[in-house]
Peer 1: 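Quick one: the structure is below, questions incoming.
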Amino acid sequence: MEIDQKKAIGDRLSRERHRFGWSQMEAAGKAGVSFSAYRSYEDGRSAPNAEALALLAQHSVDVLYVITGQAIEDRLSPDEMMLLGHWRDSPDELRSAVLGFYRSYASALREK
């Protein structure tokens, strides 16, 4: 892979990380790689392999965008992506509490 391609992939990977509000350390953990390996992706010194991309995809990273620059249609907003990322990392008890809040909120809105 050419250096320009690696740099472009690294730039898009960085944009995705910022969209989720993750640190490089957090992104490295989600990609299943060391901090230095992840940093080398964003710096354009190397490119993520299929395994790292598959792990990132499990955290809703738009890997098509990372690799090609073509975003998936109907992407969620940065705030929605951040909430989704935190949701997936949350314990069941917290998820239940959040769902309870939104169910109560929706019910109150319907009663107005």
Peer 1: For residues Val33 and Ala52, report the shortest heavy-atom separation together with the two atoms involved.
Peer 2: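 Looks like CG1-CB, 4.3 Å.
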Peer 1: How is the hydrophobic cluster of Met25 composed, in terms of its other members, when Ile, Leu, Val, Met, Phe, Trp and Tyr link through side-chain heavy atoms under 4.5 Å apart, directly or indirectly?
Peer 2: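 Its cluster mates, by chain and number, are Phe35.
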Peer 1: Distance check, rounded to the nearest 0.5 Å: Tyr38 atom OH versus Ser23 atom OG?
Peer 2: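 Between Tyr38 OH and Ser23 OG, I get 9.0 Å after rounding to 0.5 Å.
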Peer 1: Output yes when Arg39 and Glu42 qualify as a salt bridge under the 4.0 Å nitrogen-oxygen rule, no when they do not.
Peer 2: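 Judged by the 4.0 Å cut-off on N to carboxylate O distance, Arg39 and Glu42 do not form a salt bridge.
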Peer 1: Let me confirm one number: the CZ-CG distance from Arg88 to Leu83, rounded to the nearest 0.5 Å.
Peer 2: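 Here the interatomic distance stands at 12.0 Å.
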Peer 1: Between Ile3 and Ile9, is there shared hydrophobic-cluster membership here, with clusters defined by ILVMFWY side-chain heavy atoms closer than 4.5 Å?
Peer 2: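 No, separate clusters.
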Peer 1: Is Glu26 close to Phe20 at the side-chain level, that is, under 4.5 Å between some pair of heavy atoms?
Peer 2: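 Phe20 vs Glu26: side chains apart.
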Peer 1: Report the distance from atom OH of Tyr41 to atom CZ of Arg12, rounding to the nearest 0.5 Å.
Peer 2: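 Interatomic distance, Tyr41 OH to Arg12 CZ, rounded to 0.5 Å: 15.5 Å.
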Peer 1: Is Phe101 reachable from Leu94 through a run of I, L, V, M, F, W or Y residues, each pair having side-chain heavy atoms under 4.5 Å apart?
Peer 2: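 In one cluster: yes.
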Peer 1: Any sub-3.5 Å donor-acceptor pair from Ser96's side-chain atoms to Asp92's backbone N or O?
Peer 2: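 It does hold such a pair.
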Peer 1: What is the minimum heavy-atom distance between Asp89 and His59, and which atoms define it?
Peer 2: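 For Asp89 versus His59, the nearest heavy atoms are OD1-CE1, 4.1 Å.
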Peer 1: Would the distance check show the side chain of Ser107 and the main-chain N or O of Ser104 forming a donor-acceptor pair, the cut-off being under 3.5 Å?
Peer 2: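 Looks like no, no N/O pair under 3.5 Å.
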Peer 1: When rounded to the nearest 0.5 angstrom, what distance separates CD in Glu80 from CZ in Arg19?
Peer 2: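 Those atoms lie 10.0 Å apart.
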Peer 1: Quick one: pull up CG in Leu56 and CD in Glu51 and give me the separation to the nearest 0.5 Å.
Peer 2: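 Interatomic distance, Leu56 CG to Glu51 CD, rounded to 0.5 Å: 11.0 Å.
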Peer 1: Using modelled atom types and a 3.5 Å cut-off, is there a donor and acceptor pairing between side-chain atoms of Ser14 and backbone atoms of Gly10?
Peer 2: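 Checking the backbone N and O of Gly10 against the side chain of Ser14, no donor-acceptor pair under 3.5 Å is found.
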Peer 1: Name all residues meeting the side chain to side chain donor-acceptor pair (under 3.5 Å) criterion together with Arg95; count only those two or more places apart in sequence or in a different chain, and write none if there are none.
Peer 2: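 With neighbours one apart ignored, the set is empty.
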Peer 1: Going by side-chain contact (heavy atoms from CB on, under 4.5 Å), Leu13 matches just one of Val66, Val63, Ile67. Which one?
Peer 2: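 Among Val66, Val63, Ile67, the one meeting side-chain contact (heavy atoms from CB on, under 4.5 Å) with Leu13 is Val66.
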Peer 1: What is the minimum heavy-atom distance between Arg17 and Ala27, and which atoms define it?
Peer 2: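 Closest approach of Arg17 to Ala27: CD-CB, 3.7 Å.
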Peer 1: Where do Leu55 and Lys30 land on the side chain to side chain contact (heavy atoms under 4.5 Å, CB included) test, with the steps shown first?
Peer 2: CA-CA 6 Å; Leu55 289 170; Lys30 293 175 188 314; over 6 Å; no
Peer 1: Please give me the minimum heavy-atom distance between Ser46 and Ala37, naming the atom from each residue.
Peer 2: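 Residues Ser46 and Ala37, closest heavy atoms: OG-O, 4.4 Å.
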